[in-house]
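One structure is given below, encoded as structure tokens.
Just so we're on the same page: letters track the sequence lines, and every chain starts at 1. Fair warning: this is a prediction, and the values are worked out from it, not measured in the lab.
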Amino acid sequence: MNPQRYTSPPDRAAYNARVWDIVRQIPPGKVATYGQIASMVITAQAAGTGDPIPAAYHAWGARWVGGAMAACPADVPWQRVINSQGKISLRKGKGSTEQRCLLEAEGVEFDAHDRVDLRIYAWLPSPQDLSSKRIHLLSD
DNA sequence: TCCTTGACTCAGA
DNA sequence: CTCTGAGCCAAGG
């Protein structure tokens with residue numbers, strides 16, 4: 001019924017690396033959504049290449065971020081990435097307990113519907129934050 | 001080689 | 001608020 005169709009970024013490895021770089025900037029106690037991360041990658045891509053962004057980046061970016069998280073290195077705070085509804089999305093069937101515990105340990109609270117209030121906990125980096133830290137959004 | 005299986009989001013009904 | 005459809009690929013068994 002819901003054939004989760006996928007597509008992939010032109011360069012999966014490079015895309016994943018950029019996603020991880022961004023996720024590493026999320027401070028403890030804050031969260032970001034897949035879509036938010038995807039937008040940052042798009043911004044970086046546009047700035048780095050000057051080329052227009054293919055529509056697929058907008059349509060599939062969030063899922064590519066999910067794919068990147070599925071293979072992230074140990075130093076990436078994967079638990080701080082949640083879905084746009086403020087809920088934890090985990091791989092099919094697996095519990096979200098671990099991710100929730102990690103977030104609660106950082107001070108993130110969940111409501112009765114297992115949701116995080118993004119108005120409070122969303123990571124809202126300013127352009128300055130991104131450029132002053134070490135996100136090499138511009139490829140090289 | 002064929003078949004299954006995905007850490008998503010948004011608009012519209 | 002809930003539910004559906006669209007987006008249309010690649011790694012692993």
Side-chain angles (χ1 to χ4, degrees):
Chain A
M1 314 295 99
N2 179 11
Q4 307 211 0
R5 299 182 173 115
Y6 258 73
T7 186
S8 297
D11 185 335
R12 187 177 166 71
Y15 190 93
N16 286 359
R18 207 162 308 177
V19 167
W20 298 331
D21 255 355
I22 292 172
V23 174
R24 277 191 275 256
Q25 311 309 310
I26 305 173
K30 289 291 180 182
V31 298
T33 68
Y34 296 96
Q36 198 184 338
I37 302 297
S39 294
M40 292 178 197
V41 174
I42 286 174
T43 300
Q45 186 70 18
T49 67
D51 293 329
I53 301 301
Y57 271 75
H58 297 286
W60 297 90
R63 295 182 79 171
W64 295 343
V65 170
M69 298 320 292
C72 75
D75 66 324
V76 174
W78 56 274
Q79 75 274 20
R80 297 181 194 139
V81 183
I82 61 180
N83 66 35
S84 66
Q85 303 171 76
K87 296 200 284 196
I88 289 174
S89 304
L90 262 226
R91 287 177 293 199
K92 185 178 177 184
K94 299 209 169 179
S96 54
T97 312
E98 183 184 357
Q99 183 167 10
R100 178 170 173 154
C101 285
L102 286 169
L103 289 176
E104 291 183 324
E106 298 180 349
V108 175
E109 293 175 31
F110 287 75
D111 68 14
H113 300 288
D114 297 314
R115 272 186 323 203
V116 169
D117 189 337
L118 293 175
R119 291 169 304 178
I120 298 174
Y121 299 104
W123 175 47
L124 301 174
S126 65
Q128 286 72 23
D129 288 333
L130 293 178
S131 58
S132 65
K133 296 197 173 181
R134 81 189 163 79
I135 294 185
H136 270 312
L137 296 181
L138 314 181
S139 55
D140 308 304

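Atom C1' of nucleotide C/dT2 and atom NZ of A/Lys87 are separated by 11 Å, given to the nearest angstrom. One can place CD1 of A/Ile42 at 17 Å from P of B/dC8, the figure rounded to the nearest angstrom. For the pair A/Asp111 CG and C/dC1 P, the computed distance is 11 Å after rounding to whole Å. Taking atom CG of A/Asn16 as the reference point, atom P of B/dG6 lies 18 Å away to the nearest angstrom. The nearest whole Å value for the distance from the CD atom in A/Gln99 to the P atom in B/dC8 is 11 Å. Note: CZ (A/Arg12) to C1' (B/dG6) measures 10 Å, nearest angstrom. If you measure from atom CD1 of A/Ile88 to atom C1' of B/dC8, you get 15 Å, rounded to the nearest angstrom. The CD1-C1' distance, from A/Ile53 to C/dG7, rounds to 17 Å in whole Å.
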Under 3.5 Å, N/O pairs linking protein and nucleotides 9-13 of chain B:
| from | atom 1 | to | atom 2 | distance (Å) |
| --- | --- | --- | --- | --- |
| B/dT9 | OP1 | A/Tyr34 | N | 3.1 |
| B/dT9 | OP1 | A/Gly35 | N | 3.1 |
| B/dT9 | OP1 | A/Ser84 | N | 3.3 |
| B/dT9 | OP2 | A/Ser84 | N | 2.8 |

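Taking the P atoms as reference points, B/dC3 lies 23 Å from C/dC8, given to the whole Å. Rounded to the nearest Å, the gap between the P atom of C/dG7 and that of B/dT5 is 23 Å.
Atom CZ of A/Arg100 sits about 11.5 Å away from atom CD1 of A/Ile82, to the nearest 0.5 Å. Interatomic distance, A/Leu102 CG to A/Thr97 OG1, rounded to the nearest 0.5 Å: 10.5 Å. Of the inter-residue distances, the one linking A/Gln79 atom CD with A/Glu104 atom CD reads 12.0 Å to the nearest 0.5 angstrom.
Counting only residues at least two apart or in different chains, salt bridge (Lys or Arg N to Asp or Glu O under 4.0 Å) contacts with residues 33-50 of chain A are absent.
Side-chain N or O atoms of A/Gln99 include one that pairs as donor or acceptor with a backbone N or O of A/Val81 at under 3.5 Å.
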Quiz: residues 26-35 of chain A side-chain donor-acceptor pairs under 3.5 angstrom, not counting sequence neighbours:
| from | atom 1 | to | atom 2 | distance (Å) |
| --- | --- | --- | --- | --- |
| A/Lys30 | NZ | A/Ile120 | O | 3.1 |
| A/Thr33 | OG1 | A/Gln36 | N | 3.0 |

